[in-house]
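Report on the following structure.
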Amino acid sequence: MTPGLAGFIATGDDARAQDEVVAGVLEALGTAFGVVPDRAGKPAAYRRTWLDTFDWRLHRAGLTLEHVGRPRGGELLLSGDTAGPARTANAAGPAGPLAGSASAAAAPANSARAASVTTQPVIGWQAARPHLMCELPDGPVSSRIGDLVVPRALLPVVTVTSTTTTHRLLNEDGKTVARLLIERSSIPGPHPAALAPRLAITEVRGYPGDARTAARLIGGAPGIEPATAPTQTEALRAVGRSPGDYSNKVDAVISANRPASQSAATILLRLLDTIEANIGGVLADTDTEFLHDLRVSVRRTRSALKLFGDALTGRGGLTEGEAAFFAAEFKWVGDLTTPTRDLDVHLLDFDDTAHSLSAAKPDDLEPFRAYLEQRRRREFRLLTRGLKSARFVTLTRDWRDRLTAIKDGHPGTRAARDRSGKDRGAAGETTGALAMERTRAAFAKTVRRGAAITLESPPESLHDLRKRAKELRYALEFFAPLHDRADQVKVVGELKRLQDCLGEFQDTEVQVGEIRALATAMLAAGEAPAVTLLAMGEVTAGLALRQRAAREDFGRRFAAFAGIDGQRRISALLRGKPGR
């Protein structure tokens, strides 16, 4: 396809109308060329599945991954501005569309496809099911996306079946000067849907002017529109989705002048959406990030209830008893998910940990891995039982019902007013006032707790500070739409560096304790060879060194966050964007 020539779509209310548009295109081309079907081969039929992670990591990186299925195997095609070394589709060469391969023929009909595509053959690879990166054979595509995808699984996003037919365009001498490709696609399944036909012109070397003439004729035909979106986007739209339609970010739509109760409910509903979106992936054990995202949203929910749960109470809102009940229930969910996630962390880092050993060998830790996997299977059964329980189902249903009523501003959700007409309590505040008050209080609490920590302070004091810093981080996320973006980035940047330090200290503390407890359990069960216990001891020694380094780094990180400059940053943040 000539660079600069876009693909086209045949519009119409149904397949018959679209076929009439295609017939009109052939008629228009016939005014300048001889138009004959290409008899060199049968129409190219193929099945295409687009793949990405649940959180759209490839899409966010500007990449598109596609699996093209064939009877004797398939091929992965990675396209995008940063696809790396690639094969260039050449209409006149043996690897290009004219060769009749499914993937090549598809390329010109997809206007979003970059001219260069990284390809990798895959045999016996079923694109219809999730795949972890360890299940993808080594090759140029897997090496390009591995670090970007891990630890997530590649999921089938949408599948289409397509057939491409080719017409040759002849000049007065009967020579082929261009080719017209017509791609007809549909979405298979219990509710099949047909996509609009796509048309494209491919250039024959030496006749660029004819290709451009053909493209102009197509563009002027009735019912023809430029293909402004790739086939993937059109297919997703047909099934009610769009690229990037999932994110674990707190991106609730709130405004400063809105009642605090409604914004609080809106934020909590957004968190509930994320929890529910991840349940299926957790139960299927598709990848470990489903549980991670679910846990983060549960933690954010618990923090939100601490930060501004009182904004939900008042006449017609939650009673204090209900607020306490929901807080306790989400603590139960957090506790339910903790054992499996802790074991996931050990297993995710296992290979790196094993290969970092100096006195022991990586194989010495294999009995420990087997023990972790066994424990994980047991804890995962308990987790799935809890997430399928009537208790959890009732919790999410009732929580959504109560929040929706508050968000929609039903008359009873406002707090009672005193005789002067002013609202009493957080439920009567505006969102802007609530955000300023609670964010400032969270910052002050974090600074106060951190300033009290000395070299003699117990580990618990740093753990408590980590929780306070996390609450502040969540407050900044919840109310981000009310803040100036540049000020937000500055405050969150320093806070994140402090959190990383505190997280390193606490995580290593927890992991040392867990490994010791697991070693004791393995020893009691007779599943701990001496070399394995020695290797586990070396792992805990390495964790202790990391913890000591984090403790030594704490003072510097805290001073950068909570010093005069840090206080100025938070003040500038809370002053910004008035009236929003």
Whether Ser297 side chain and Leu294 backbone form a donor-acceptor pair below 3.5 Å: no
Donor-acceptor under 3.5 Å (Glu322 side chain, Thr319 main chain): yes
Min side-chain heavy-atom separation Ile275-Phe330 under 4.5 Å: yes
SB check Glu135 Arg129 (cutoff 4.0 Å): yes
Closest heavy-atom pair and its distance - Leu58, Asp52: N-OD1, 3.0 Å
Between Thr53 and Asp55, a side-chain donor and acceptor under 3.5 Å: yes
Ile453 side chain near Arg449 side chain, heavy-atom distance below 4.5 Å: no
Minimum-distance pair of heavy atoms, taken over all atoms of Thr340 and Leu291: CG2-CD2, 3.7 Å
Over all atoms of both residues, closest heavy-atom pair of Ala265 and Leu403: CB-O, 3.5 Å
Mutual orientation of the aromatic rings belonging to Phe368 and His346 [parallel < 30°, tilted 30-60°, perpendicular > 60°]: perpendicular
Glu552 with Arg548: basic N within carboxylate O range, under 4.0 Å: no
Thr439 OG1 to Leu307 CG distance, which is reported to the nearest 0.5 Å: 8.0 Å
Residue pair Asp310, Arg438: steps toward the salt bridge (charged side-chain N to carboxylate O under 4.0 Å, His left out) verdict: CA-CA 11 Å; Asp310 55 334; Arg438 302 306 161 89; 3.0 Å; yes
Short side-chain to backbone donor-acceptor contact, Thr532 and Ala528, under 3.5 Å: no
Close side-chain approach of Ile279 to Phe392, heavy-atom, < 4.5 Å: yes
Taking every non-hydrogen atom, the tightest pair across Leu132 and Ala153: CD2-CB, 3.8 Å
Arg376/Asp285 ion pair, N-O < 4.0 Å: yes
Pairing of Asp565 and Lys490 as salt bridge, 4.0 angstrom limit: no
Criterion side-chain contact (heavy atoms from CB on, under 4.5 Å) on Gln511 and Thr540, from CA distance to verdict: CA-CA 8 Å; Gln511 289 178 39; Thr540 57; over 6 Å; no
Side chain to side chain, Arg302 and Arg299, heavy atoms closer than 4.5 Å: no
More than 12 heavy atoms of other groups within 6.0 Å of Asp147 CG: no
Heavy-atom side-chain contact between Leu312 and Leu268 under 4.5 Å: yes
Side chains of Arg468 and Thr446 in contact at under 4.5 Å (non-hydrogen atoms): yes
Aromatic plane relationship, Phe308 with Phe478 - under 30° parallel, 30 to 60° tilted, over 60° perpendicular: perpendicular
Atom pair OG1/CD1 of Thr266 and Ile406 - distance to nearest 0.5 Å: 10.0 Å
NZ/NE/NH1/NH2 to OD/OE distance under 4.0 Å, Arg400 and Asp273: yes
Gln547 side chain vs Glu504 backbone, donor-acceptor pair below 3.5 Å: no
From Arg473 atom CZ to Arg300 atom CZ, the distance as rounded to the nearest 0.5 Å: 8.0 Å
Pro243 to Thr233 - nearest heavy-atom pair and separation: CG-OG1, 4.0 Å
Ion pair Lys496/Asp500, N-O distance below 4.0 Å: yes
4.5 Å side-chain heavy-atom contact, Glu538 and Leu534: no
Phe505 ring center near Phe554 ring center (under 6.0 Å): no
Rounded distance (nearest 0.5 Å) linking atom CZ of Phe54 with atom CG of Asp245: 8.0 Å
Short side-chain to backbone donor-acceptor contact, Ser457 and Thr454, under 3.5 Å: yes
Heavy-atom closest pair, residues Gly80 and Leu63: CA-CD2, 4.2 Å
Backbone of Ala260 reached by a side-chain donor or acceptor of Ser263 within 3.5 Å: no
Aromatic ring pairing His59/Trp56, orientation class (parallel under 30°, perpendicular over 60°, tilted between): perpendicular
From CZ (Arg402) to CZ (Phe326), nearest 0.5 Å: 7.0 Å
With Glu379 via side-chain hydrogen bond (donor to acceptor under 3.5 Å, both in side chains) - residues at least two apart: none
Candidate list Asp293, Asn278, Thr274, test side chain to side chain donor-acceptor pair (under 3.5 Å), partner Asn248, passing option: Asp293
Pair Arg369 + Glu366, salt bridge at N-O below 4.0 Å: yes
Of Asp349, Val512, Leu365, the residue whose pairing with Val539 passes side-chain contact (heavy atoms from CB on, under 4.5 Å): Leu365
Polar side-chain atom of Thr396 near backbone of Val393 as donor-acceptor pair, under 3.5 Å: yes
Arg375 CZ to Asp342 CG distance, which is reported to the nearest 0.5 Å: 10.5 Å
Close side-chain approach of Arg270 to Asp251, heavy-atom, < 4.5 Å: yes
Thr508 and Arg546 side chains, donor-acceptor separation under 3.5 Å: no
Arg152 charged N/C atom sitting above Phe290 aromatic ring, 6.0 Å / 45°: yes
Backbone of Gln126 reached by a side-chain donor or acceptor of His131 within 3.5 Å: yes
